[in-house]
Amino acid sequence: MLLILMACAPSVQRAPEKAARVYCERAEACSLLQEGEREDTCEPNTTDAFDDIWTPELCPDGFDRNAWFTCIDTIETWSCDAIDYGWSEISAACGSRTVCK
């Protein structure tokens, strides 16, 4: 049963937090954050950013599972050299028109 739950896309309400955590882990791995910044500012600010693109109104039926995992993969692998911290790739892969059912 646990494996089935792990393979599902999160709810619209929980998705911003999940995506922000993955994004900030990547930013930390790219040495773009200072000590403590991930939890103090990156995750809250990035959660707010994802909250703005994934609302219950825009995603009333939740997320398409495959599109969600493509979005997360993009967040996990954006280039550390990306001047915009990967947001152009993330926006293309993770917009509500792409990931919502």
Side-chain angles (χ1 to χ4, degrees):
M1 175 94 168
L2 182 58
L3 291 175
I4 293 170
L5 292 175
M6 290 174 58
C8 296
S11 68
V12 173
Q13 291 78 16
R14 295 198 42 127
E17 183 180 303
K18 163 77 174 160
R21 185 173 50 255
V22 172
Y23 177 85
C24 293
E25 287 171 356
R26 180 68 179 154
E28 192 170 57
C30 290
S31 300
L32 298 172
L33 303 177
Q34 297 187 19
E35 188 173 329
E37 191 176 3
R38 188 180 88 189
E39 294 86 10
D40 292 342
T41 57
C42 184
E43 288 186 18
N45 292 340
T46 309
T47 297
D48 289 345
F50 284 113
D51 245 342
D52 289 341
I53 61 171
W54 298 328
T55 65
E57 295 80 27
L58 293 174
C59 301
D61 298 320
F63 296 116
D64 174 85
R65 181 182 174 279
N66 291 331
W68 168 256
F69 286 110
T70 298
C71 168
I72 291 299
D73 184 57
T74 301
I75 296 170
E76 289 176 330
T77 60
W78 54 268
S79 171
C80 293
D81 296 329
I83 195 141
D84 63 359
Y85 292 25
W87 279 107
S88 50
E89 293 90 356
I90 292 167
S91 295
C94 298
S96 60
R97 289 184 182 182
T98 305
V99 297
C100 298
K101 288 184 185 177

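Basis for what follows: all heavy atoms, side chains included, without hydrogens, waters or symmetry-related copies. Every value quoted in this text rests on a predicted model; they were computed, and no experiment measured them.
Considering all non-hydrogen atoms of both residues, Val99 and Cys94 come closest at CG2-O, 3.8 Å. The shortest non-hydrogen separation linking Ala93 to Cys71 is O-CB, 3.7 Å. In this structure, Asp73 and Thr77 approach most closely via the heavy-atom pair O-OG1, 2.7 Å. Shortest non-hydrogen contact noted between Glu76 and Arg26 is O-CD, 3.2 Å. Contact detail for Ala15 and Phe63: the closest heavy-atom pair is CB-CE1, 3.2 Å. Of all non-hydrogen atoms in Ile72 and Ala19, the two that sit nearest each other are CD1-CA, 4.3 Å.
Between Glu37 and Leu32 the shortest side-chain heavy-atom distance does not fall below 4.5 Å. When side chains are defined from C-beta on, Pro56 counts as touching Gln13, because their heavy atoms get closer than 4.5 Å.
The CG atom of Asn45 sits 12.0 Å away from the CG atom of Asp51 when rounded to the nearest 0.5 Å. In this structure, SG in Cys59 is found 11.0 Å from NZ in Lys101, a value given to the nearest 0.5 Å. To the nearest 0.5 angstrom, Ile75 atom CD1 is 11.0 Å from Thr70 atom OG1. Here the OG atom belonging to Ser91 is positioned 6.5 Å from the CD1 atom belonging to Ile53, to the nearest 0.5 angstrom. For the atom pair OH (Tyr23) and CH2 (Trp78), the distance works out to 4.5 Å, reported to the nearest 0.5 Å. For the atom pair CZ of Phe69 and SG of Cys8, the computed distance is 7.5 Å after rounding to the nearest 0.5 Å.
Ring orientation note: the planes of Trp87 and Phe50 are tilted relative to one another, at an angle of 30° to 60°.
By the criterion of side-chain heavy atoms lying less than 4.5 angstrom apart, applied directly or through intervening Ile, Leu, Val, Met, Phe, Trp or Tyr residues, Leu58 is not grouped with Trp68; the two fall into different hydrophobic clusters. Leu33 and Val22 sit in two unconnected hydrophobic clusters of ILVMFWY residues. Membership requires side-chain heavy atoms under 4.5 Å apart, directly or through other members.
Under the 4.0 Å criterion applied to side-chain N and carboxylate O atoms, Arg21 and Glu43 are not assigned as salt-bridge partners.
Open room surrounds CD on Glu17; 12 or fewer heavy atoms of other groups in view lie less than 6.0 Å from it.
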